[in-house]
J.: 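Take a look at the following structure, please.
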2 protein chains.
Amino acid sequence: MTITTAEENYLKAIFKIAEKEDKAVLTNSIAAAMNTAAASVTDMLKRLAEKHLIKYEKYRGVELTEEGNRLATILIRKHRLWEVFLVEKLGFAWDEVHDLAEQLEHVQGEALIDRLDNFLGHPRFDPHGDPIPDAQGRWTFRQQVRVSLLQPGEKGILTGVDDHATPFLQYLDQIGVALGIELLLLHRTEYDQSVQVRISGKTEVTLSEKVAQNLFVIRG
Amino acid sequence: MTITTAEENYLKAIFKIAEKEDKAVLTNSIAAAMNTAAASVTDMLKRLAEKHLIKYEKYRGVELTEEGNRLATILIRKHRLWEVFLVEKLGFAWDEVHDLAEQLEHVQGEALIDRLDNFLGHPRFDPHGDPIPDAQGRWTFRQQVRVSLLQPGEKGILTGVDDHATPFLQYLDQIGVALGIELLLLHRTEYDQSVQVRISGKTEVTLSEKVAQNLFVIRG
DNA sequence: TAAAATATTTAGACTAACCTAAAAATAATT
DNA sequence: AATTATTTTTAGGTTAGTCTAAATATTTTA
């Protein structure tokens with residue numbers, strides 16, 4: 001049974017939505033995530049259900065089957081490994097790699113991705129701090145927390161970003177925020193929940209609540 | 001104007017056929033090269049002509065326009081650079097990389113291929129000895145000759161293979177023939193035009209006429 | 001709980017890229 | 001040069017993946 005690029009993209013979208021909300025994934029959420037008409041989604045859900053990649057009940061939303069989950073996981077592994085390659089080996093910035101990885105993840109070839117993984121030294125996180133499942137589909141978990149939840153005086157190492165959009169990432173570059181830096185929360189302004197932080201013991205910056213909510217750190 | 005993967009594949013096929021025979025490229029040659037029905041080729045030729053990528057005269061065959069030629073050259077550049085990457089960096093054998101490169105060459109992104117080229121150190125030849133056009137589309141030419149044309153006593157350095165099929169390449173691996181080795185032609189048997197050669201001053205092997213015709217060397 | 005609002009599916013249509021079979025043009029041969 | 005053979009195109013059809021508009025389910029709200 002062959003699987004098309006379009007089908008792969010739906011599986012990935014369903015996986016990502018299911019990750020956040022733990023109810024069944026609804027047609028409209030998928031349509032929104034993929035920028036397609038709801039009717040197109042319905043069509044595709046029927047096809048995916050016929051291939052036993054999702055469980056689909058009319059009007060009730062969908063859930064990935066074990067096989068669907070396995071394929072989505074492989075896809076995410078491929079996407080993130082290619083992102084590591086693009087940043088680490090080709091020197092792209094972290095805000096430039098998404099569209100390329102989106103294409104590269106669909107290249108078919110069992111051996112390719114494992115050789116790439118090996119070439120890259122089996123990285124466990126991508127350039128945005130997202131975990132990369134291993135060849136058996138196992139995830140690495142970390143105890144991270146949003147900067148918006150730190151208390152004044154608490155420190156953390158920046159391990160991830162929740163928003164991957166270019167403007168956000170470029171803003172972080174500009175104020176000197178990158179994965180691995182140490183953040184010390186100095187003060188929170190009650191009025192707008194913005195926070196003052198010290199970066200790696202040097203510069204100080206103010207982050208809006210929205211920015212602070214999009215930064216993950218490991219405490220301490 | 002967007003260009004699809006299918007269109008790219010036709011352009012590349014036309015380029016490669018035109019390279020060998022210097023008349024106009026006929027519908028049936030394309031159909032044969034691409035394993036498609038002639039009627040499908042006619043369809044596509046109309047589309048490519050509308051996009052000004054080929055000059056098409058009914059029943060008379062086609063020719064690439066300047067733009068079509070440019071695109072085909074970029075495609076070959078991409079294919080061969082990816083092949084170098086797969087062999088040099090990921091450790092694939094030279095007979096394993098064609099299908100992967102066939103997919104990778106369609107990944108879109110101006111910066112990608114130039115960064116890859118840079119990462120690989122601007123290689124001028126791929127793992128089969130085929131030239132890689134540079135970023136401006138310029139080719140490197142070499143004065144190579146088929147082993148079948150060497151005279152007894154003549155030497156050459158193996159610089160390319162004409163047949164890229166897996167069985168042929170694996171046969172070469174098996175008898176110790178690889179790019180860069182020195183070949184000394186010891187003797188040609190008149191009866192079947194097979195040749196006896198010495199490889200890098202060590203082992204001796206007999207090559208059939210067909211094999212000798214598929215090996216390129218630079219004399220001396 | 002009935003009406004209104006929202007979400008989902010169905011119906012019908014489109015495009016790219018293929019196909020087979022038949023028709024038409026070109027090339028080869030007697 | 002006329003017939004035969006070959007090549008190419010046209011005609012008509014298929015599938016995947018999309019769309020809009022209309023119909024139908026479900027959920028929310030008054």
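What's counted below: heavy atoms across the whole structure, side chains too, no hydrogens, waters or symmetry copies. Each chain gets a letter, A, B and so on, in the order its sequence line appears, and its residues count up from 1.
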J.: I want to check one thing: is the phosphate of D:dG17, taken as OP1 and OP2, less than 4.0 Å away from some side-chain N or O of A:Thr4?
T.: yes
J.: In whole Å, I'd like the distance from the CG atom of B:Leu48 to the P atom of C:dA16.
T.: 12 Å
J.: Tell me, do B:Val211 and B:Phe168 make a side-chain contact under 4.5 Å, heavy atoms counted?
T.: yes
J.: For B:Leu45 and D:dT7, give me the distance from atom CG to atom P, rounded to whole Å.
T.: 16 Å
J.: Whole angstroms only, please: what is the CD1-P distance between B:Ile3 and C:dA16?
T.: 13 Å
J.: NA contact type, B:Ala6, heavy-atom cut-off 4.0 Å: base, sugar-phosphate, or nothing?
T.: sugar-phosphate
J.: Is the distance between the ring centroids of B:Tyr10 and B:Phe15 under 6.0 Å?
T.: no
J.: Under the ring-ring contact (aromatic ring centres under 6.0 Å, His included) test, which residues partner A:His79, sequence neighbours left out?
T.: A:His98
J.: What's the closest nucleotide to the A:Leu26 side chain, out of C:dT8, D:dT10, C:dC18?
T.: C:dT8
J.: Report yes if at least one side-chain N or O of A:Tyr10 is closer than 4.0 Å to OP1 or OP2 of D:dA16; otherwise report no.
T.: no
J.: Can you measure B:Asn28 atom CG to D:dT8 atom P for me and round it to whole angstrom units?
T.: 4 Å
J.: Which is true for A:Thr27 with a 4.0 Å heavy-atom rule: it touches a base, it touches only sugar-phosphate, or it touches nothing?
T.: sugar-phosphate
J.: Tell me which nucleotide among C:dA17, D:dT18, C:dT26 gets nearest to the side chain of B:Glu7.
T.: C:dA17
J.: Both conditions, 6.0 Å and 45 degrees, for the charged tip of B:Lys89 above the ring of B:Phe119: are they met here?
T.: yes
J.: Is A:Thr42 near enough to C:dT8 that one of its side-chain N or O atoms lies under 4.0 angstrom from OP1 or OP2?
T.: no
J.: From the options D:dA25, C:dC19, C:dA17, select the nucleotide whose nearest atom is closest to the side chain of A:Tyr59.
T.: D:dA25
J.: For the pair made of OH in B:Tyr56 and C1' in D:dT7, what is the distance, rounded to whole Å?
T.: 12 Å
J.: Roughly, in whole Å, what's the span from CZ in A:Arg60 to P in D:dT24?
T.: 18 Å
J.: When you match B:Ala38 and A:Val41 each to their closest nucleotide on DNA chain C, which lands nearer the 5' end?
T.: A:Val41
J.: If you check every side-chain atom of B:Ala39, which of C:dT20, D:dT8, D:dG17 has the closest atom?
T.: C:dT20
J.: Would you kindly give the NZ-to-P distance between A:Lys46 and C:dT9, to the nearest whole Å?
T.: 8 Å
J.: Parallel, tilted or perpendicular for A:Trp82 and B:Trp82, by the 30°/60° rule?
T.: perpendicular
J.: Rounded to whole angstroms, how far apart are NZ on B:Lys58 and P on C:dA23?
T.: 17 Å
J.: Just to confirm, is there a sub-4.0 Å distance from OP1 or OP2 of C:dA17 to any side-chain nitrogen or oxygen of B:Arg47?
T.: yes
